[in-house]
Amino acid sequence: MRIATWNINSVRSRIDRALALLEREDLDVLALQETKVKDAAFPTAPFLEAGYQVAHTGHSQWNGVAVISRVGIADVETHFAGQPPFGDPAAIEARALGATCAGIRVWSLYVPNGREVTDPHYAYKLEWLSQLQAASAGWLAADPSARIALMGDWNVAPLDTDVWDPSFFTGKTHLTAPERDAFAAIERGGYQEITRRFLPAEHTYTYWDYQRLSFPKNSGMRIDFAYVSPALAQQTAGVTILRDERKGKGASDHVPVILDIQD
DNA sequence: ATGGTTGCTCTGCAA
């Protein structure tokens, strides 16, 4: 069983890369973030033709999350309990989708960016993570044997060595103590961040900005992670970050992260 | 050359 997460940065502009990824990497489940499309315009047909089912939520050109699966999709939720609204009028954004695939509860998560520490979006980000902590802790408390994956774009770099140059982020978001505390708090619910357990090397990135020649200079960030429940951690045999997916014309700014699960 | 983005949608916004 292979489960991946990928901030695709527009599913319509990268549908060919997505289909090639599913085939080449023999993926059973793919959690997508930033699909940037409303539900009605999601390109479902090509995934169905490839043998996958689709669960998606998208309300506008922003955000949008999906779970693509060839091992079934059940009990779809398009937000988690307590997920805070944002904007005017305030609304729950398309940033979380839960679906059960072959007995594994997969959550595709797109944590708010935060923008600037003085921006209301930053407080929203912290509240969003806080509510996710409460909700996810509850899921595991209700069933300690549950197999749960919380995967996606967390928009937090937990360590200074998760970025090319911490000084670049002075006064910016993603590295602040409140963000890191909110990210680490997910552990209190009983989850462990499994990608670093298998890939502990410093400066192992999952994202390179389109600007400033970030990829050629390897000015990257590690902000895509997978927290898994104890039962799922026990079954996880490996993690792969597909760095090569950042190469070439038409790449997303993020690359996929794959979990190998023993059946 | 001292810079060097992309996508959605429509001209500015978000990342």
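Any value given below was found using the heavy atoms of this structure, including those in side chains, with hydrogens, waters and symmetry copies removed. Chain letters run A, B, ... following the sequence lines, proteins first and then strands; every chain starts at 1.
- Considering A:D26, A:D28, A:D260 in turn, A:D260 is the only one that fulfils the salt bridge (Lys or Arg N to Asp or Glu O under 4.0 Å) rule with A:R2.
- Distance check on atom P: B:dG7 versus B:dT2 gives 26 Å, rounded to whole Å.
- Note on A:R14: every side-chain N or O is 4.0 Å or more away from OP1 and OP2 of B:dT6.
- The salt bridge (Lys or Arg N to Asp or Glu O under 4.0 Å) pairs that include a residue from residues 7-21 of chain A are A:R17-A:E245, where partners are two or more places apart or lie in different chains.
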#### Entry: Per-nucleotide protein contact string for nucleotides 8-15 of chain B (B base, S sugar-phosphate only, - none; heavy atom under 4.0 Å)
SS---BSB
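- As judged by a 4.0 angstrom heavy-atom cut-off over every strand, A:K249 is placed among residues making no nucleic acid contact.
- In this structure, the side chain of A:K38 does not engage the main chain of A:G58 through any donor-acceptor pair within 3.5 Å.
- A:W164 has its ring centre no less than 6.0 Å from the ring centre of A:W208.
- Rounded to whole Å, the C1' atom of B:dC10 lies 16 Å from the corresponding atom of B:dT6.
- In terms of position along DNA chain B, the nucleotide closest to A:R212 lies nearer the 5' end than the nucleotide closest to the other residue of the pair A:G250 and A:R212.
- Using P as the reference atom, B:dT9 and B:dA14 are 14 Å apart when rounded to the nearest Å.
- The side chain to side chain donor-acceptor pair (under 3.5 Å) check on A:H59 picks up nothing, with sequence neighbours excluded.
- For the 3.5 Å distance criterion, the side chains of A:S214 and A:D209 fail to qualify, holding no donor opposite an acceptor.
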